Amino acid sequence: MAGEEINEDYPVEIHEYLSAFENSIGAKWDPLEQAKVDLASAYTLNSMFWVYSAIQGVNSKEHPVKQELERIIYEQMKLSLKKKKKKKKA
């Protein structure tokens with residue numbers, strides 16, 4: 001995240017929070033654990049945006065963020081299967 005340009009529509013506070021979070025824990029986990037944290041963060045942010053959109057009166061059932069949430073859930077399931085396979089091999 002360091003050195004990335006910030007989109008004008010993207011709140012600076014979120015970027016600062018994610019940068020600080022990434023710097024505090026980024027190098028402490030193996031790649032599977034890091035992916036798990038990244039997916040949880042993505043799901044949290046997308047869920048918050050989905051709720052915000054619903055509050056603003058946007059039809060949340062047809063909004064693209066719903067598809068993104070479904071994609072994140074799918075990726076979390078794939079990651080869980082990889083983790084189980086890794087444990088079986090060990």
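Just so you know, these numbers come straight off a predicted model, no measurement behind them.
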Would you say Leu69 ends up clustered with Met48 if hydrophobic residues are merged whenever their side chains have heavy atoms under 4.5 Å apart, either directly or through other cluster members? no

For the hydrophobic clusters of this structure (ILVMFWY residues joined by side-chain heavy atoms under 4.5 Å, transitively), does one cluster hold both Val51 and Phe49? yes

Those residues that, when tested against Val58, pass side-chain contact (heavy atoms from CB on, under 4.5 Å) (two or more places apart): Ser53, His63

Give me the other members of the hydrophobic cluster that Tyr74 sits in, counting Ile, Leu, Val, Met, Phe, Trp and Tyr linked by side-chain heavy atoms under 4.5 Å, directly or via other members. Met77

Kindly state each residue pair satisfying salt bridge (charged side-chain N to carboxylate O under 4.0 Å, His left out) with at least one member in residues 62-71, sequence neighbours excluded. Lys66-Glu70, Glu68-Arg71

Among all residues two or more places apart in sequence or in another chain, which pass the side-chain hydrogen bond (donor to acceptor under 3.5 Å, both in side chains) test with Glu33? Lys83

Got a list of side-chain donor-acceptor pairs under 3.5 Å for residues 36-46, not counting sequence neighbours?
unit_1, atom_1, unit_2, atom_2, d
Asp38, OD1, Gln34, NE2, 3.0
Ser41, OG, Val37, O, 3.1
Thr44, OG1, Ala40, O, 2.8
Asn46, ND2, Ala42, O, 2.7

Quick check for you: to the nearest 0.5 Å, what is the distance between Leu32 atom CG and Lys86 atom NZ? 5.0 Å

For Glu16, check salt bridge (Lys or Arg N to Asp or Glu O under 4.0 Å) against everything at least two apart and list the hits. none

